[in-house]
Number of protein chains: 2
Amino acid sequence: MNNGRFPISLHILTLMASSAGELLSSDYIAGSININPVLVRKEISNLRNFGLIESKEGKNGGSTLAKPADKIRLSEVYHAVQQASLLGNSKNKPNPDCPIGKQINLHLDHLYEDIEGALLHRLEKMSLADFLRQFQ
Amino acid sequence: MNNGRFPISLHILTLMASSAGELLSSDYIAGSININPVLVRKEISNLRNFGLIESKEGKNGGSTLAKPADKIRLSEVYHAVQQASLLGNSKNKPNPDCPIGKQINLHLDHLYEDIEGALLHRLEKMSLADFLRQFQ
DNA sequence: TGTACTGTAATAAAGTCAATTACAGAATGA
DNA sequence: TCATTCTGTAATTGACTTTATTACAGTACA
């Protein structure tokens with residue numbers, strides 16, 4: 001997974017955390033990230049499905065955090081954008097007649113689970129507020 | 001980084017570890033992974049550059065481990081295939097006029113380094129021999 | 001009721017990754 | 001010596017994925 005969505009989602013959430021209470025438009029956010037507003041709205045839609053963001057339609061509408069920044073763990077952000085596995089999906093279909101090939105996906109999966117656990121542990125320790133606090 | 005190269009490289013190395021001493025041809029390896037032999041040779045070339053594999057050209061040639069499987073850490077494999085960052089490269093060029101945008105790549109990089117450190121710690125604890133030992 | 005937003009679908013453009021083709025060079029052994 | 005069987009590598013194609021763009025309906029506001 002080279003997931004370009006994680007940095008985008010984190011950027012969106014950081015902007016909202018830094019101007020808590022205000023409604024930010026997708027155009028404004030897109031201007032900060034320097035990407036297309038429609039992609040921002042898609043990511044917001046996804047983050048909203050995970051309960052991290054609330055939106056208001058219509059004039060003077062926009063989006064804001066659904067809960068305080070110190071209640072949002074970066075692991076939640078990871079879960080929201082994560083679909084593929086971390087070190088690369090073995091979409092490969094190894095040769096079932098090879099004693100190594102027929103077993104390797106099982107053992108790769110175990111390895112990935114182990115590693116992803118370590119990663120989530122780190123992300124769980126940091127809240128969005130912690131992340132924002134690093135900015136001056 | 002959805003790096004499909006990590007599983008491929010690990011598959012190659014596992015095959016070599018399981019038949020230590022023998023020279024394996026790229027065709028044979030490609031048959032086990034079920035991918036193109038040229039891609040195998042590319043990965044072997046890369047692993048060779050990192051001192052993990054030795055190759056012999058010409059008829060009856062092939063490749064084998066450059067050192068015992070218990071002397072190869074999975075972190076070395078990771079380093080060999082790793083190019084992009086873990087949670088997705090911010091190829092984005094955020095708006096330098098935005099107080100968040102102009103700093104976020106720096107803080108993302110720090111976060112990635114932290115997480116990658118945790119990941120490497122796990123991979124360092126497991127050798128290729130440990131990985132192979134799981135196979136029956 | 002016009003304006004400024006969101007939400008979403010559909011399409012196009014760009015980028016990435018793997019397969020394939022091609023071929024030179026190296027080692028073997030008949 | 002020379003055909004064979006490998007590696008090494010470049011170049012091209014094709015498949016797939018991601019992002020940008022266009023388009024437009026729906027919503028809220030003033």
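Chain letters run A, B, ... following the sequence lines, proteins first, then strands; residues in each count from 1.
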Consider the side chain of [X], meaning its heavy atoms from C-beta on, and name the nucleotide among [options] that approaches it most closely.
X       : options                : answer
B:Val38 : D:dA10, C:dA19, C:dA27 : D:dA10
B:Lys59 : D:dG8, C:dG7, D:dT5    : D:dT5
B:Arg48 : D:dT9, C:dT28, C:dT20  : D:dT9
A:Leu39 : D:dA20, C:dA19, C:dA26 : D:dA20
B:Lys42 : C:dA22, C:dA19, D:dC6  : C:dA19
B:Ser55 : D:dC6, D:dA23, D:dG8   : D:dG8
B:Asn36 : D:dG8, C:dT6, C:dT20   : C:dT20

Starting at atom [atom1] of [X], determine the distance to atom [atom2] of [N], rounded to an integer number of angstrom.
X       : N      : atom1 : atom2 : value
B:Arg41 : C:dA24 : CZ    : C1'   : 12 Å
B:Asp27 : D:dG8  : CG    : C1'   : 14 Å
A:Arg5  : D:dT18 : CZ    : P     : 9 Å
A:Glu43 : D:dT18 : CD    : P     : 11 Å
B:Ile53 : D:dT7  : CD1   : P     : 12 Å
A:Glu54 : C:dG7  : CD    : P     : 12 Å
B:Leu24 : D:dT7  : CG    : C1'   : 14 Å
A:Glu57 : D:dA30 : CD    : P     : 16 Å

>> Is there a path of hydrophobic side-chain contacts, each under 4.5 Å between heavy atoms, that joins B:Val77 and B:Leu120?
In response: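 Yes; tracing contacts between hydrophobic side chains, which count when under 4.5 Å, links both residues.
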>> Do B:Glu54 and B:Leu65 make a side-chain contact, defined as non-hydrogen atoms from C-beta onward lying under 4.5 Å apart?
In response: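 Side-chain contact under 4.5 Å: no.
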> Does a side-chain heavy-atom distance below 4.5 Å link B:Leu119 with A:Leu119?
Replying inline: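 No. Closest side-chain heavy atoms not under 4.5 Å.
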>> Under 4.0 Å, heavy atoms only, any strand: does A:Ser63 hit a base, just the sugar-phosphate, or nothing?
In response: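 Nothing: the residue A:Ser63, judged by heavy atoms under 4.0 Å, touches no strand.
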>> Which label fits A:His107 and B:Phe131: parallel for a plane angle under 30°, tilted from 30 to 60°, or perpendicular past 60°?
In response: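 The arrangement is perpendicular - the two ring planes meet at more than 60°.
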>> When you compare the side chains of A:Ser26 and A:Arg41, does any donor N or O come within less than 3.5 Å of an acceptor on the partner?
In response: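 Checked: A:Ser26/A:Arg41 side chains pair up, N/O donor to acceptor below 3.5 Å.
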> Does B:Ser45 place a side-chain N or O at less than 4.0 Å from the phosphate oxygens OP1/OP2 of D:dT9?
Replying inline: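 Result: yes.
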